[in-house]
Amino acid sequence: QLQLVESGGGLVQPGGSLRLSCTASGFKLDYTAVGWFRPGPGKELEGISCISSNDGTTYYAESVKGRFTISRDNAKNTVYLQMNSLTPEDTGVYYCAADSRPLTIATLCGGHLSGYDYWGQGTQVTVSS
């Protein structure tokens, strides 16, 4: 079964950190760009961070730049999102997505989650005191 599974979410206080994981099963992430999505201000899902398949080029939305770091471990078939200095505005369900097409990170992060071949069930992040 081809799927992505997110994990690592939870409840954290403002200023805290979490590391999310996105693990693929049934296919290799080595050759695909991977992105993280979460609800935006209007509750539509938006791409907040993406990483390329080949040279590790990354993209970050302005709302997370300087606080979040995306990385990949191809040996573990996993992409991570390290989230620091969390605020209540970071609360939401976080999804990762990938596609069988050779998408650029700009295309992946700029598109709609449902338009891609693979995405997971999401992991809840709650930032609250």
**Message:** Tell me whether the NZ or CZ atom of Arg19 lies within the 45° cone about the ring axis of Tyr80 and under 6.0 Å from its centre.
**Reply:** yes
**Asked** Which distance, rounded to the nearest 0.5 Å, do you find between the OH of Tyr95 and the OG of Ser114?
**Response** 11.5 Å
**Pairwise side-chain contact, Pro41 with Glu46, heavy-atom cut-off 4.5 Å (strictly under)** = yes
**Single-linkage hydrophobic cluster Leu113~Tyr94, side-chain heavy atoms < 4.5 angstrom** = no
**Message:** Quick check: closest heavy atoms across Phe68 and Asp90, and the distance to 0.1 Å?
**Reply:** CZ-OD1, 3.9 Å
**Message:** Return the OG1 to CZ distance between Thr58 and Arg72, rounded to the nearest 0.5 Å.
**Reply:** 11.5 Å
**Message:** To the closest 0.5 Å, what do you measure between CD1 (Ile105) and CD1 (Ile51)?
**Reply:** 8.5 Å
**Asked** At their closest point, which heavy atom of Cys22 faces which heavy atom of Trp36, and how far apart are they?
**Response** CB-CZ2, 3.5 Å
**Asked** Are Leu81 and Leu45 connected in a single hydrophobic cluster, I mean Ile/Leu/Val/Met/Phe/Trp/Tyr linked by side-chain heavy atoms less than 4.5 Å apart?
**Response** no
**Prompt:** Is the closest basic N to carboxylate O distance between Asp117 and Arg101 below 4.0 Å?
**Reply:** no
**Item:** Audit row: Thr78, Asp73, side chain to side chain donor-acceptor pair (under 3.5 Å) steps and yes/no
**Value:** CA-CA 5 Å; Thr78 298; Asp73 185 338; over 6 Å; no
**Asked** Does one hydrophobic cluster hold both Leu86 and Tyr60, with members joined at side-chain heavy-atom distances below 4.5 Å?
**Response** yes
**Item:** Considering all heavy atoms, the nearest Leu108-Tyr116 contact
**Value:** O-OH, 2.8 Å
**Item:** Atom of Gly8, atom of Leu18 and distance for their closest heavy-atom approach
**Value:** O-CD2, 3.8 Å
**Message:** If I take atom OH from residue Tyr59 and atom SG from residue Cys109, how far apart are they, to the nearest 0.5 angstrom?
**Reply:** 6.0 Å
**Request:** Mind listing the closest non-hydrogen atom pair of Gly35 and Cys50 along with its distance?
**Result:** CA-SG, 3.4 Å
Quiz: residues 118-125 side-chain donor-acceptor pairs under 3.5 angstrom, not counting sequence neighbours:
unit_1 : atom_1 : unit_2 : atom_2 : d
Gln121 : NE2    : Glu6   : O      : 3.2
Thr123 : OG1    : Gly9   : N      : 3.0
Gln124 : NE2    : Thr126 : OG1    : 3.3

**Request:** Take atom NZ of Lys43 as the centre, draw a 6.0 Å sphere, and report whether it contains more than 12 heavy atoms from other residues, nucleotides or ligands.
**Result:** no
**Complete:** The reported gap from CG in Asn77 to CG in Asp30 (rounded to nearest 0.5 angstrom) is 6.5 Å
**Item:** Cluster check Val64, Phe37: I/L/V/M/F/W/Y, side chain < 4.5 angstrom
**Value:** no
**Request:** Mind listing the closest non-hydrogen atom pair of Ser17 and Asn84 along with its distance?
**Result:** OG-OD1, 2.9 Å
**Asked** What about Leu29 and Ile70, same hydrophobic cluster or not, with Ile/Leu/Val/Met/Phe/Trp/Tyr joined at side-chain heavy-atom distances under 4.5 Å?
**Response** yes
**Request:** Go through Gln1 and Ser25 one step at a time and tell me if the side chain to side chain contact (heavy atoms under 4.5 Å, CB included) criterion holds.
**Result:** CA-CA 7 Å; Gln1 187 175 4; Ser25 62; 5.7 Å; no
**Item:** Step-by-step side chain to side chain contact (heavy atoms under 4.5 Å, CB included) determination, Ser63 to Arg38
**Value:** CA-CA 11 Å; Ser63 58; Arg38 74 177 187 188; 3.5 Å; yes
**Fill in**
Rounded to the nearest 0.5 Å, the CZ atom of Arg67 sits from the CD atom of Gln82 at a distance of 12.0 Å
